[in-house]
Structures are given as structure tokens and as C-alpha cells.
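Read through the structure below, which is laid out as C-alpha cells, and then see the notes.
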Amino acid sequence: MRRCALITGGSRGIGAAAARRLAQIGYDVALTYRTQRLQAEEVAAEVERLGRRAIVIEADLADPEQARALVREGAEALGGLDALVNNAGYVQRMDWQDISLEDWDRMLRVALTAPFLCAQVAAPYMKDAGFGRIVNVASLRAQTGAPHGAHYAAAKAGLLGLTRSLAMALAPSGITVNAVCPGYTATDINREALTTKPEAITRQIPLGRAAEPDEIAAVIAFLCSESAGYITGHTLNANGGMFLS
Ligand code: NAP
């Protein structure tokens with residue numbers, strides 16, 4: 001059966017890897033970007049080489065109207081929507097006392113308000129299809145806090161509450177809603193830290209290394225698959241064992 005997925009922030013990193021993984025399990029894919037159009041188009045071309053349809057959509061998720069519109073655009077272009085992966089995000093390393101109200105608001109709009117609005121627009125399409133998967137990409141920092149990114153950690157922790165709330169609300173419609181909490185993953189978000197002080201990071205990780213984006217994408221794809229139909233409201237940690245020590 002043909003399925004359609006929308007991935008926010010599909011131009012790079014975890015979102016790009018998720019686009020490839022979802023294509024491999026039979027999803028046509030709409031992927032969004034904010035700045036990296038060429039990279040988004042390259043990911044779309046890879047999806048098409050895997051035999052699936054792909055479209056790219058430009059959107060700044062800090063703008064609530066763009067967040068709503070991108071879901072409508074993706075669903076109309078693909079002819080439906082079965083899965084939504086709320087993945088787009090960014091980090092801003094700063095002491096909590098230096099976070100301005102503008103920094104705080106933008107972070108919450110991208111990392112929490114946009115996933116909420118995208119889910120609001122996506123759910124009716126999923127109800128029509130009688131099948132739905134929503135995966136919210138949160139973070140290890142939702143659980144541990146972040147001394148140099150309090151707004152990021154707060155937004156991601158909010159995303160876990162949203163995940164559980166929507167899981168309860170949408171279960172009667174057969175739509176599952178889950179969260180993934182990646183630990184350190186080798187993407188542009190933390191490329192500098194992983195390059196300049198790799199040991200400071202890897203010594204915190206029982207598995208001794210950062211994740212590859214595809215290892216997080218595999219978890220996202222599982223939660224979007226038919227096989228994960230009895231899992232909802234769950235937070236799946238993919239952090240190399242960081243809660244073990
Ligand atoms: P990445 O490689 O920097 O990719 C970020 C993606 O989000 C890009 O596609 C980017 O679009 C998009 N994006 C950023 N700000 C946006 C905005 N305002 N509006 C629309 N799109 C926006 O990062 P990543 O590591 O793959 O991160 C993906 C998700 O995983 C994020 O939610 C992040 O918080 C989470 N995460 C990552 C790690 C990690 O260690 N990497 C750990 C825990 C959680 P452009 O390319 O067009 O700029």
C-alpha cells in the first residue's frame with residue numbers, strides 16, 4: 001500500500017536520513033527545509049532513486065502560518081498524509097540568564113508550537129486514511145536539562161508532554177504518537193563540538209561514540225511502520241546508554 005509522510009527539516013542530518021529510511025519502507029515523502037534548498041533537493045532525488053515520490057517545501061517553522069501551510073501543501077501534493085515526523089530544530093548555546101525573550105519565543109515556536117500546529121493540521125488527513133503515525137523528535141536534553149540551552153531543553157520537554165497528550169487524544173482514531181530522544185548524533189547541530197572536543201563527549205556515552213543520523217532514522221522509521229501499531233505515547237531513547245551510568 002502506498003503511504004505518504006511529511007518530514008520537517010528533511011534537508012540535513014536526522015531528517016534527511018529519515019527521508020531515506022521512510023522511502024525504503026514504502027513512503028512517498030514531503031520534506032521541508034528553511035535555508036538548504038540544494039541539500040533538500042538532493043535528498044528528494046535520493047528518495048526518487050529508491051522508487052518513491054518526493055517533494056520539497058520551503059518553510060520557516062518559527063512562523064505559525066507557514067507551519068500550518070506546509071502540512072496542507074505536503075498532503076495535497078502527495079495525495080494524503082499517513083505519517084508526520086516533527087524533526088526540524090536548532091540549538092543555541094547560551095547561559096540561561098542571557099536568553100532573551102525573543103530567543104525563548106523563537107525556540108518554543110520552532111521546537112514546540114510548530115509540532116503542535118503541524119499535528120493539528122495533519123490529524124484529519126490521517127483520520128480519513130484510518131491510519132496515522134506522528135513521531136516527535138525531542139532530545140536527551142528534554143530529560144536531563146541543558147545548562148547552556150534552557151529554552152531548548154524546556155521546549156523539548158514540552159514536546160514529550162504534547163506527545164503523550166496527543167497519543168491519548170488520537171488513539172481512538174488509530175493514530176499513534178511517539179517521541180524519540182536522540183543523544184549526541186553526528187550532524188551539523190554539534191559538528192563543531194564533536195570535531196574540537198570529541199573525547200569530552202564520547203566519555204559520557206557508554207557505547208563510546210556519537211550516533212550516526214541513520215541510527216536515529218531507523219528508530220523513526222520503525223515507529224512509522226505497520227509493525228509499531230501497538231506503541232503509542234512512548235518516549236524511545238536512542239542515546240548510546242547515557243542513562244546507564
Ligand atoms: P541539523 O542537521 O542541523 O538539521 C536541522 C534541520 O532542521 C534542517 O533541515 C534545517 O533546515 C531545519 N530547521 C532548522 N530550523 C528551522 C526552522 N526555523 N524552520 C524550518 N526548518 C528548520 O540537525 P539534526 O541534528 O538533524 O536535528 C534534527 C532534530 O534532532 C532536531 O529537532 C534536534 O533538536 C534533534 N536532536 C539532535 C541531536 C543531535 O545530537 N544531532 C540530539 C538530540 C536531538 P535547513 O537545512 O534548510 O536549514
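Order of appearance sets the numbers: ligands from 1, and atoms from 1 within every ligand.
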Next on the checklist: Which residue and atom name correspond to the protein heavy atom nearest atom 14 (C) of ligand 1, and how close is it?
Outcome noted: Gly89 O, 3.4 Å
Item to check | Shortest protein heavy-atom distance from atom 34 (O) of ligand 1, along with the residue and atom involved | outcome: Tyr152 OH, 2.6 Å
Next on the checklist: Could you tell me if Arg141 sits above the aromatic ring of Tyr152, with its cationic atom closer than 6.0 Å to the ring centre and no more than 45 degrees from the axis?
Outcome noted: no
Checklist entry - Taking atom types as modelled, is there a side-chain donor on Asn239 or Gln143 under 3.5 Å from an acceptor on the other? => result no
Next on the checklist: Using a 4.0 Å heavy-atom cut-off, which part of Cys181 comes near ligand 1: side chain, backbone, both, or neither?
Outcome noted: neither
Show the atom names and distances, to 0.1 Å, of all donor-acceptor pairs under 3.5 Å that link a side chain in residues 154-175 to residues at least two apart or in another chain.
residue, atom, partner, partner atom, Å
Lys156, NZ, Val137, O, 2.9
Thr163, OG1, Asn136, ND2, 3.0
Thr163, OG1, Leu159, O, 2.7
Ser165, OG, Gly161, O, 2.8

Checklist entry - Looking only at N/O atoms, are Ser11 and ligand 1 under 3.5 Å apart anywhere? => result yes
Checklist entry - Relative to the heavy atoms of Ala59, which atoms of ligand 1 are at a distance of less than 4.0 Å? => result 19 (N), 20 (C)
Next on the checklist: Which residue and atom name correspond to the protein heavy atom nearest atom 37 (C) of ligand 1, and how close is it?
Outcome noted: Ile14 CD1, 3.9 Å
Checklist outcome for this item: With heavy atoms and a 4.0 Å threshold, my read on which part of Lys156 contacts ligand 1 is side chain
Checklist entry - So which heavy atom in the protein is nearest atom 4 (O) of ligand 1, and how far is it from that ligand atom? => result Arg12 CB, 4.1 Å
Checklist entry - Could an N or O of ligand 1 be found under 3.5 Å from any N or O of Thr35, whether backbone or side chain? => result yes
